2 protein chains.
Amino acid sequence: MNSQSEEDYLKALYHLEMDFDAVSTNSIADYLDMKPSSVTDMLKKLAEKKFINYEKYKGTSLTKKGRLIALSIIRKHRLWETFLVEKLGFGWDQVHIIAEQLEHIKSEELIENLDNFLGNPKYDPHGDPIPNKDGEIEKMNQKLLVELKASQKGIITGVKKGTASLLNYLDKEKVKLGDSVKVIEILEFDGTYIVEINKRKLTFSEKICQNLLLETND
Amino acid sequence: MNSQSEEDYLKALYHLEMDFDAVSTNSIADYLDMKPSSVTDMLKKLAEKKFINYEKYKGTSLTKKGRLIALSIIRKHRLWETFLVEKLGFGWDQVHIIAEQLEHIKSEELIENLDNFLGNPKYDPHGDPIPNKDGEIEKMNQKLLVELKASQKGIITGVKKGTASLLNYLDKEKVKLGDSVKVIEILEFDGTYIVEINKRKLTFSEKICQNLLLETND
DNA sequence: CGTAATTTTTAGTCTTGTCTAAAAATATAT
DNA sequence: ATATATTTTTAGACAAGACTAAAAATTACG
């Protein structure tokens, strides 16, 4: 049985691996709001249990075993969020903190029954996909940024043919493939998109949005 | 904010106070399956926080403040049990362990929304009363079926402690908590009760009648 | 290339909540 | 009423998981 703390670390690792290739000790510490020394201690423990590949000073990554545990926590989190919004009438912005607690409840049967009760939803109220009990996540679709509406999210996968120069522009703006994009606002006047990437607000013209490819989940 | 462990102690105190007047250190240790020395440590801490009245070697009792916390945990426990049985299809006997985890989730709003979602139930699936948010427990006119005379009525609220197997029997007979019971006839010879439940006539042995709890209106 | 800055790890401390072993207080029984 | 048994508390240890401060490794820069 894994502790709540171990589960939090594995979940953090999973989320950080989406954004960065090698996950550094400091980035985990930032993410979990803890000191790097505490992180090092836990990484040793998780490596001992074969949940992560860890080499001193070299960063870390989840093993298959570790990833499955992370996905099972994410599954629980997103199912509980769905429950809180769909059944208990919470707003989608209120549920995260409560789900952070509920995700650690230990019972296979509970989560399967909850899943059925909710009608086996594929996405949570934030639009994030819910892993199935084998840790599989529905493959996402590719879309242009211009097809997204406010508050929707995607991951940058590339640019349309013949627009290689766009990549240079993105590079200059420190935007990389794999970066996560969230639409904050779309200006009605000229179709300009205001988006958030890596915690920074950026403004994209309509032309850019017509050429930027994203992976989304619907 | 109280720790899970503190909450477990307060809940134990509450249950033990029902059965015994003075709650001894050893009885708490037995109840929680811990060593008496650990209990002493925690009692000091709880006394410090004014949750209990504690005098060395003299036993302990809940303060008003402590009792309210205990009741709020019991409220959560029983609401979650109701949810698990009514909504997720768990059996009566499976829900206790899961509810022991769920009862420690911190969120006032969660429990109020859950209460409403469940239709503000007054009794949990075991027939135990659910305290309201002010810690008040509806005084029950709880009787055993065997105390009723012919033509009297009641609502099934549960079974006596230690007779969980009776629940299975009732289940098999399609009798649920909340069902209304009317005594049709009591056989003088062996005390067998003939009752009507859901428009069906059923026969209960005297032993069953001695263990079946009902809510009556007198 | 070598020094400075940054990142990561080590070493040692602290808190919470448990334990064991032994001492102290209380209860029981002749 | 005193010796014995039981209960309760104290004292000290330990594990988990966090922290601080300092050392070591890595990275970045002039």
Side-chain angles (χ1 to χ4, degrees), chain A residues 1-13 16-17 19-62 66 69-70 73 100-101 103-104 106 174 176 198, chain B residues 1-13 16-17 19-62 66 69-70 73 100-101 103-106:
Chain A
M1 194 96 317
N2 311 308
S3 72
Q4 186 152 325
S5 191
E6 289 172 327
E7 291 181 350
D8 286 337
Y9 275 88
L10 293 175
K11 195 166 60 116
L13 258 310
L16 290 167
E17 276 190 349
D19 298 345
F20 312 97
D21 261 12
V23 179
S24 71
T25 299
N26 272 4
S27 66
I28 301 168
D30 281 355
Y31 190 88
L32 293 175
D33 200 18
M34 289 202 286
K35 299 297 167 188
S37 53
S38 309
V39 174
T40 301
D41 286 348
M42 184 56 93
L43 291 182
K44 284 183 194 163
K45 192 177 165 190
L46 295 173
E48 190 68 37
K49 288 192 169 192
K50 305 265 193 261
F51 293 156
I52 62 172
N53 307 113
Y54 168 63
E55 241 189 304
K56 270 190 192 180
Y57 295 102
K58 294 283 166 62
T60 186
S61 62
L62 289 167
I69 295 171
I73 306 301
E100 295 258 87
Q101 298 180 65
E103 73 192 6
H104 298 293
K106 259 75 172 173
K174 302 271 184 251
K176 304 176 302 297
N198 297 328
Chain B
M1 194 97 317
N2 311 309
S3 72
Q4 187 152 324
S5 191
E6 288 172 328
E7 292 182 348
D8 286 337
Y9 275 89
L10 292 174
K11 195 167 60 119
L13 257 310
L16 290 167
E17 276 191 347
D19 299 345
F20 312 96
D21 262 10
V23 179
S24 71
T25 300
N26 271 4
S27 65
I28 301 168
D30 282 355
Y31 189 88
L32 293 175
D33 200 18
M34 290 204 284
K35 300 296 166 188
S37 54
S38 310
V39 174
T40 301
D41 287 347
M42 184 57 92
L43 291 183
K44 284 182 192 164
K45 191 177 166 191
L46 294 173
E48 191 68 37
K49 289 191 167 191
K50 306 264 193 263
F51 293 156
I52 62 173
N53 307 113
Y54 169 62
E55 242 189 305
K56 270 189 190 179
Y57 296 103
K58 294 284 168 62
T60 186
S61 62
L62 288 168
I69 295 171
I73 306 301
E100 295 259 89
Q101 298 180 66
E103 73 192 6
H104 298 293
I105 302 291
K106 258 74 170 175

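Below, chain A is the first sequence line, B the second, and so on; all start at residue 1. Fair warning: this is a prediction, and the values are worked out from it, not measured in the lab.
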Should A:Tyr54 be listed as having a side-chain N or O under 4.0 Å from OP1 or OP2 of C:dT9? yes
Roughly, in whole Å, what's the span from NZ in B:Lys44 to P in C:dG17? 15 Å
Just the rounded figure in Å: distance from P of C:dG17 to CG of B:Asn2. 10 Å
Taking the side chain as C-beta and beyond, is there a heavy-atom pair between B:Ile28 and B:Tyr9 under 4.5 Å? yes
On the nucleotide C:dT9, are OP1 or OP2 found under 4.0 Å from the side-chain N or O atoms that A:Thr40 carries? yes
Spatial distance of atom CG (A:Leu13) from atom OG1 (A:Thr60) [nearest 0.5 Å]: 5.5 Å
Using whole Å, what does the distance between atom C1' of nucleotide D:dG17 and atom CD of A:Gln4 come to? 12 Å
A side-chain contact here means heavy atoms from C-beta on lying under 4.5 Å apart; do A:Lys11 and A:Glu103 qualify? yes
In whole Å, what is the span from the CG atom of B:Asn26 to the P atom of C:dA25? 18 Å
Rounded distance in Å - CE (B:Met34) to C1' (D:dT9): 16 Å
B:Tyr9 has an atom OH; how far is it from atom P of C:dT18, in whole Å? 5 Å
Sugar-phosphate, base or nothing in reach of B:Ser38, heavy atoms under 4.0 Å: base
A:Lys174 atom NZ: more than 12 heavy-atom contacts under 6.0 Å: no
note: A:Asp33, atom CG; D:dA18, atom P; distance rounded to Å ~ 12 Å
Could you write out each protein N or O paired with an N or O of nucleotides 21-28 of chain D at a distance under 3.5 Å?
{"unit_1": "D:dA25", "atom_1": "O4'", "unit_2": "A:Tyr57", "atom_2": "OH", "d": "3.4"}

